[in-house]
Amino acid sequence: MTDIKKNLERIKSELPDNVKLVAVSKTKPESDIQEAYETGQRIFGENKAQEMQGKAESLPDDIEWHMIGHLQRNKVKYIAPFVSLLHSVDSWRLLKEVNKRAKNEERVIDCLLQIHIAKEESKFGLDEDEVSEILYSEEFEKLENIRIVGLMGMATLTENEDQIRREFKSLQDLFDKIKNDKFSMEDSFKELSMGMSSDFKIAIEEGSTMIRIGSDIFGARNYG
Ligand SMILES: *Cc1c(COP(=O)(O)O)cnc(C)c1O
C-alpha cells in the first residue's frame with residue numbers, strides 16, 4: 001500500500017461515524033487525488049478556484065469538491081457550476097456573489113460561514129456581530145440560491161491545547177446559538193467544519209462534524 005492509502009485508512013479508522021473527512025489536496029498533483037479516490041475517498045478540499053476547476057475537469061465526476069480557502073468574488077464563477085460546499089464565506093459581498101452565480105447555474109450552493117475564532121491576527125473570518133448582520137437582514141431571506149448549512153473555523157496555530165480547545169468550544173457555542181435562534185426548524189444547518197492535521201482530535205472532542213486534513217494524508221506541502 002502507498003503512503004497516501006495507509007494514511008487515509010489510519011485516519012478513517014480513528015473517525016467517529018458522524019465526522020466527515022475532507023482530504024485537502026491543494027498544491028498536490030491529480031495522481032495523488034486519484035490514489036486517495038481509489039481507497040473510496042470522495043470529498044476533496046482545495047483553496048484556489050482555478051486549481052480546483054482544473055482538477056475537477058480531469059478527475060472523476062462523483063468527487064465532491066469543497067472550497068476551503070478565501071475566495072475572491074471575481075473567482076466564484078470558476079467553481080459555481082460544480083462546487084459542493086463552500087467552507088469559507090467570510091463576507092456579505094461574497095455571499096451575494098455566490099448567490100448570483102448559483103442562480104445563473106440554476107442551482108443552490110451549500111455554504112458555511114467562516115468564523116474568526118483564533119487569537120492570532122487573520123484577515124479572514126466573520127465575528128459574531130457580522131454573522132448577525134448577515135443572518136438577520138431582510139436581504140438574507142431573499143437569497144434563494146445559497147443555503148447556510150453550518151460554520152467553519154480555524155484555531156490558533158499553537159502547541160497550547162487548552163487554547164485550541166477553548167477556541168473550538170467557542171465555535172460550538174456560537175453554532176448552538178445560531179441553530180436555536182435562526183435554524184431550529186432546518187435540519188440542513190448541521191455542519192461544524194473544524195480541525196486540521198495538527199488539531200483534529202481536539203476538534204472532534206469539541207463537536208466537529210467535518211475535519212479538513214491535508215499534510216497527514218498527502219505529506220508536507222511544498223510551495224516552492
Ligand atoms: C491547508 C488547509 C487545511 C489542511 O491543513 P493541514 O495542516 O495540511 O491538514 C485545512 N483547512 C484549511 C482552511 C486549509 O487552508
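Both counts, for ligands and for their atoms, begin at 1 and track the order of listing.
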Review point. What class does the angle between the rings of Phe183 and Phe189 fall in, given that below 30° is parallel, 30 to 60° is tilted and above 60° is perpendicular?
Key: parallel
Point to revise | Qualifying residue, where the test is side chain to side chain contact (heavy atoms under 4.5 Å, CB included) with Ile178 and the options are Leu174, Asp181, Asn180 | key: Leu174
Point to revise | 4.5 Å side-chain heavy-atom contact, Phe218 and Val24 | key: no
Review point. Any side-chain heavy atom of Leu21 within less than 4.5 Å of one from Lys12?
Key: yes
Review point. Taking everything shown except Lys5 itself, do over 12 heavy atoms lie less than 6.0 Å from its NZ?
Key: yes
As a test of reading the model: which N/O atoms of the protein lie under 3.5 Å from N/O atoms of ligand 1, and at what distance?
from     : atom 1 : to     : atom 2 : distance (Å)
ligand 1 : 8 (O)  : Ser215 : N      : 2.8
ligand 1 : 8 (O)  : Ser215 : OG     : 2.8
ligand 1 : 8 (O)  : Arg221 : NH1    : 2.8
ligand 1 : 8 (O)  : Arg221 : NH2    : 3.1
ligand 1 : 9 (O)  : Ser197 : N      : 3.0
ligand 1 : 9 (O)  : Ser197 : OG     : 2.5
ligand 1 : 9 (O)  : Gly214 : N      : 2.8
ligand 1 : 11 (N) : Arg212 : NE     : 2.9
ligand 1 : 11 (N) : Arg212 : NH2    : 3.4
ligand 1 : 15 (O) : Lys26  : NZ     : 2.7

**Study point:** Non-hydrogen side-chain atoms of Ile33 and Phe44 separated by less than 4.5 Å
**Key:** yes
